[in-house]
Each structure stands twice: as C-alpha cells, then as structure tokens.
J.: 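Questions regarding the structure given below will be posed in turn.
We name chains A, B, ... by the order of the sequence lines, and we start the count at 1 in each one.
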Amino acid sequence: MTADPAWVTGHALTAVSAVLLAAGLWALHRTGGSLPVRTARAVRVAAVAVSLYVVETLFHLAAVVDSDALAAGDLAPVAGTHVLLSAVLYPVSGVALALLGVALLRDGCGRRRGVALAAVLGGTLHAAAVPLVLLRPDADGAPLFAGGAVLLALWSLLTALTGVPTRRPIGTTAAPAPWVAQRIG
Amino acid sequence: MTVSYRLLLAASGLLAIAGGGMHLTPMPPAPSVTTWSR
C-alpha cells in the first residue's frame, strides 16, 4: 500500500489539508469575541483536537519509510506509531468536529444548519473509522474513512462560503415580550 | 497580516478532496492493521 506512487502524494495532500484545517480553526478562534459562546468553546476544542490530529497525519505520511519492512512483515516503527496515534486521534478529532457541528447547528440558522450537519455526520464517521478497523479487522472501514473525509471536506468548503453564526449585539436578540410592549405603550 | 479563516477552510477542503481522490485510485491489496502489528 505505502509503495504505491500515489500514496505519498495523496497523504501529503491530506496532511497539508489537516494543517490548513487546524490553522483555519485557530483563525476562527481568534475571532472568538464575535462568536456565540457555545460555538466559540467548540471551536477552541476542535482547534486543539485537529492540531493533535495533524501529528497523526504526518506519521501516516512518514509510514512510507516502512514500506519494505511492511512488505517483509518486519517491525515497522513509524507505521506502528501511526496506527497507535490514529487509534486515539481519529476519535478525538472526529468527536471534536462533530461537537463543533452540533454547536453550529444550535447557534446557526437557515442553510448554515445544513452545513453544520455535514460536520456532525463527517466527524462521527471519522471518529468511528479507526476503532471499527482495529476492533473488527475483517470489517470494511473504507466507507467510514471516505464518508468522513468527504463530509468534513464539504463542511470546510461550505463553511468558507457561508461563514459561521455571530453573536447578536445586546438588545437585538429578540423582540420585546408582549408584556414589555404593553408597559412601554 | 491575518489570513481569513474562510480562505484556510476553503483550501483545506479542496486539498482534502484532492488527497482523498488519490486514495480512491485503484491500489494493490493493502496489508491490514493486524498485519502491521505482527
């Protein structure tokens, strides 16, 4: 698998994509003052989790150095480290992104809620993929990996287009209650 | 200069799709995780 010429390019793109996702979440975190409190908290957690996940993607990419050892069935320390890290960091980053999706779903409205759903589903698939493959080696994890990756990529792209919900200025959160209107009147 | 989170997320999404597309190209049978641990 790691000997395939497309493997390095594909995983290098995936690693850079993860770096950009982490950077994007940290950039969003820096605008925290304008975000709803729940979303701001979820963005911070997701930024930390995806930053840790970047380390896994780098070991995943570097596993190519173990190609010969893997083919020979020898000890493959880099690939082994990648597997160990993925067992922890896929679920951690997936759950964090799914929770960010939930926060965006609750704080957003309109089409942004549909976009947030992609993070909820994508994060859940991403979180479940590695545990499934490790616990049930005969199971086909490809649909989970592919589904999670596609949905999270779609979430990134669509969030770039639609933006995230912002905190409403005090005094514009809702129309005054009827009894307030009566007293004012 | 601060790079917009929108620009970063857009680039991330595009690269993820490009990288994922390469994963989906036909490849020889992959060794399983259990093979790696042997």
J.: If a pair satisfies ring pair (Phe, Tyr, Trp, His ring centres under 6.0 Å) and one of its residues is in residues 94-144 of chain A, list it, with sequence neighbours excluded.
T.: A:Tyr53-A:His126, A:Tyr90-A:His126
J.: Give, as side chain, backbone, both or neither, the part of A:Thr162 having an atom under 4.5 angstrom from any heavy atom of chain B.
T.: backbone
J.: Working to the nearest 0.5 angstrom, can you tell me the gap between B:Arg6 CZ and A:Leu161 CG?
T.: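 It comes to 8.0 Å.
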J.: Using modelled atom types and a 3.5 Å cut-off, is there a donor and acceptor pairing between side-chain atoms of A:Ser17 and backbone atoms of B:Leu15?
T.: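 Not a single qualifying donor-acceptor pair exists.
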J.: For the residue pair A:Gly24 and B:Leu9, what are the closest heavy atoms and their distance?
T.: CA-CD2, 4.2 Å
J.: Drop me the distance from B:Leu8's CG to A:Leu21's CG, to the nearest 0.5 angstrom.
T.: 9.5 Å
J.: With a 4.5 Å cut-off on side-chain heavy atoms, are B:Leu14 and A:Leu157 touching?
T.: yes
J.: Closest heavy-atom contact between A:Gly163 and B:Tyr5?
T.: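 Heavy atoms of A:Gly163 and B:Tyr5 come nearest at CA-OH, 3.4 Å.
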J.: Which region of A:Leu154, side chain (C-beta onward) or backbone (N, CA, C, O), has a non-hydrogen atom less than 4.5 Å from a non-hydrogen atom of chain B, or is it both or neither?
T.: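 Interface part for A:Leu154: neither.
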J.: Does a side-chain heavy-atom distance below 4.5 Å link A:Val150 with B:Ile17?
T.: no
J.: Checking heavy atoms, do the side chain of A:Val164, its backbone, both or neither come under 4.5 Å from chain B?
T.: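 Both backbone and side chain.
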J.: How long is the straight-line distance from OG of B:Ser12 back to CG of A:Leu13, given to the nearest 0.5 Å?
T.: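 Taking CG in A:Leu13 and OG in B:Ser12, the distance rounds to 11.5 Å.
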